There are 2 protein chains.
Amino acid sequence: MNKKTTIYDIAKELNVTVSTVSRALSGFPAISDATRQAVFEAAKRLNYSPNKLASALKSGRTYIIGVIVPSVQAHFFASIIHSIEEGLKDSGYRIILYQSNESVASEINGVKTLLEAQVDGIMASLSLETEDVTHFEEVIKQNKPLILFDRVHEKLKVPTVTLDDFKAGYMATQHLIEQGYKNIAYVTTSHQIRIFNDRLKGYKAALADYNLPLNEDNIIFGGLSIKDGRFGAGKLIRSKNKPDAIIAADDFTALGVIKKLKEINETPPQIGVIGFANEAFSAYITPSLSTIDQHPNQMGAECAKLFLSTIQNKPSQKISNIVIEPSLVDRQSTGITE
Amino acid sequence: MNKKTTIYDIAKELNVTVSTVSRALSGFPAISDATRQAVFEAAKRLNYSPNKLASALKSGRTYIIGVIVPSVQAHFFASIIHSIEEGLKDSGYRIILYQSNESVASEINGVKTLLEAQVDGIMASLSLETEDVTHFEEVIKQNKPLILFDRVHEKLKVPTVTLDDFKAGYMATQHLIEQGYKNIAYVTTSHQIRIFNDRLKGYKAALADYNLPLNEDNIIFGGLSIKDGRFGAGKLIRSKNKPDAIIAADDFTALGVIKKLKEINETPPQIGVIGFANEAFSAYITPSLSTIDQHPNQMGAECAKLFLSTIQNKPSQKISNIVIEPSLVDRQSTGITE
DNA sequence: CTGAAAGCGCTAACAC
DNA sequence: GTGTTAGCGCTTTCAG
């Protein structure tokens, strides 16, 4: 088992010092071309591979940034991750992923782990459970960039990238209204996450603007999942004031709603259904699901841009809060049949 | 900006030496309880956070393992990742993700990056493009565990976790035959990836076993995607020997096939369709897609187990090649209508 | 343009 | 049970 070759080996080989090798390798300008050539040639010949750990320990920069998401299994987050990577590619920064699985405990552990790994910054989208965010304060204290996306928290005064969720909720509701639905219900999470509250506010605002009554019994607070969607829909259709359309706070929940409605032969768009996120399956189910696109690729790209600009401009300028415009994806589940 | 506290600060605080602190912190047995208590208390008070980099540099172990997958956007890989994490959780190992995006160049870069980051091992599933695998040899040369899963390569003599893909292909074909289909076509990738070849072999074997003719024109080699599925199906239905069932090498491709068939009003199961992977959407499309479940959770769990046992038992014992049993998920797309 | 040398924060012999 | 000390591999002053 051959010891790994280090810059010392290269130095010895060429009868120069490590500093020269280090400089040559890292593109330091004041190095003769001859030396540089020789160093690169020797590095290659000796099969040298830099130890980034040592470099990071000394320089204080790992060029790794930690990304915390609830789960990569949601297409929405998978897409964001993908475009964060894409946006970081040319900068030399890499990401290391941490999944909170919607648990605060796990999220706290994630922050700790990433910090111990000396990441140069953290991007996070909060778990559903997260209410207290003090565990993120250590990141700020260590003077490392922290960027929140999608699921953010007002207590944390950091750069954010979010959807205009109020507008998203308004848009979904407005679309249903314009399609002729009059008694629109809403299935959402009971967790106090801002984006979901904002969507709900948008819903209420749209009802008000169109002079439609708001019936609090029409709002079901539970979880977000296929199962919860079925459950919520079941509850709604049994109510005395049965709705003619249902908004679900995400596409998984909307899918559950649809499944339930099909079972009772009120297949959408007979009862209208709309979701949020434009998940991978949403276009392919039957009826295809109308939804609000949250533009994850744009979000990821903005996160990357935000990080790079934060890392460069030391002078703590104003904190940017980037807001992405939602857009409506109109499909069968809200297409009034006539 | 307060300098980060190190074990030196704790040592000074308590008038002991760093070695004592280091030992106390890492649970070294021969330390008095009093000292240990004091150290932990001081660590907490001073808001100490260990620098894993320094520790790793010294000890040679980062407790990070690199995972290379084609893309997290496929539910199949997302699930594997999830259960690798799950299986590693109690061991202290963390993973860092690298996506090859089905490109060899990117995969080569991934290996390099991970190695430079001094990961303690690598788990990988090859990109579709990968034919030459010499870039992985460096991992072996560095004496670090390399585990291949799902998309493996015979040139690499390393532990693997795979599906019994021959059986999977056989199973899919057999199912169609038993459902009464007689002229079964196959849409797959032109890339030379073993698992796809094995599935195809299983297909051929099943045809032979049931005395059904093999028509080479019925095998379409192209890409794997919704688009490729449409294309493949289009080609098949225009052929003189139009098939009554189509096997697609993955669920995305199968989805494309279904879309095409619906357009020409030969909605499955009129023409039977089956895929592989049991993707997130497969149960929810219409008709729901029959598929072969590749048990990603089991695969991920086995990868984790394999890694842990490799890391422990230094004596290079026999290389394990774990094979997972596929299972049939029977849904509407193959349910003969009668 | 290149060399010498001091660490980054932690671990692990080796002493006592 | 605790202290001393020599690095891990690299970067980065400060000299020359």
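Please read all numbers here as calculations on a predicted model, not as lab measurements. Heavy atoms only: backbone and side chains are in, while hydrogens, waters and symmetry mates are out.
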To the nearest angstrom, the CG-C1' distance between Leu53(B) and dC10(C) comes to 11 Å

Phosphate contact (dC10(D) OP1 or OP2) by Tyr48(A) side-chain N/O below 4.0 Å: yes

By nearest-nucleotide position on DNA chain D, the 5'-leaning member of Leu57(B) and Arg23(B) is Arg23(B)

From the candidates dG9(C), dG3(C), dG1(D), the one with an atom nearest any side-chain atom of Ser32(B) is dG1(D)

Notebook entry, point to check: Under 4.0 Å between a side-chain N/O of Thr6(A) and OP1 or OP2 of dC8(D), yes or no?
Noted result: no

Has the side chain of Lys58(B) got a donor or acceptor atom sitting under 3.5 Å from an opposite partner on the base of dG7(D)? yes

In whole angstroms, the gap separating P of dC8(C) from NZ of Lys4(B) amounts to 14 Å

Next on the checklist: Below the 4.0 Å mark, does dT11(C) have OP1 or OP2 next to a side-chain nitrogen or oxygen of Ser19(B)?
Outcome noted: no

Here the pair of heavy atoms bringing Asp150(B) nearest to Ser125(B) is CB-OG, 3.8 Å

ask   = Parallel, tilted or perpendicular for Phe307(B) and Tyr93(B), by the 30°/60° rule?
value = perpendicular

Atom CD of Gln118(A) and atom C1' of dT11(D) are separated, to the nearest Å, by 16 Å

Taking only N and O in the side chain of Thr35(B), is any of them less than 4.0 Å away from OP1 or OP2 of dT2(D)? yes

Ile7(A) atom CD1 is separated from dT11(D) atom P, nearest whole Å, by 6 Å

Between CZ of Phe28(A) and P of dC14(D) the distance, given in whole Å, is 13 Å

Given dG3(D), is OP1 or OP2 found less than 4.0 Å from the side-chain N or O atoms of Thr20(B)? yes

5'-most contact on DNA chain C (nearest-nucleotide basis), Ala54(A) vs Ile31(A), goes to Ile31(A)

Side-chain N or O of Ser55(A) less than 4.0 angstrom from OP1 or OP2 on dG9(D)?
-> no

| query | Is any side-chain N of the basic residue among Glu138(A) and Lys141(A) closer than 4.0 Å to the acidic one's carboxylate O? | reply | yes

| request: Using only side-chain N and O atoms of Thr17(A), determine if any of them is under 4.0 Å from OP1 or OP2 of dA4(C). | output: no

Run Arg151(A) and Glu102(A) through salt bridge (charged side-chain N to carboxylate O under 4.0 Å, His left out) and show every step you take. CA-CA 11 Å; Arg151(A) 307 226 200 121; Glu102(A) 303 288 11; 3.0 Å; yes

Between CG of Leu14(A) and C1' of dC1(C) the distance, given in whole Å, is 15 Å

Whole-Å distance, Ile10(B) CD1 to dC10(C) C1', equals 12 Å

To the nearest angstrom, the CG-C1' distance between Asp33(B) and dG1(D) comes to 12 Å

- [ ] Kindly say whether Val323(A) contributes a backbone atom to a donor-acceptor pair with the side chain of Thr162(A) at under 3.5 angstrom?
- [x] no

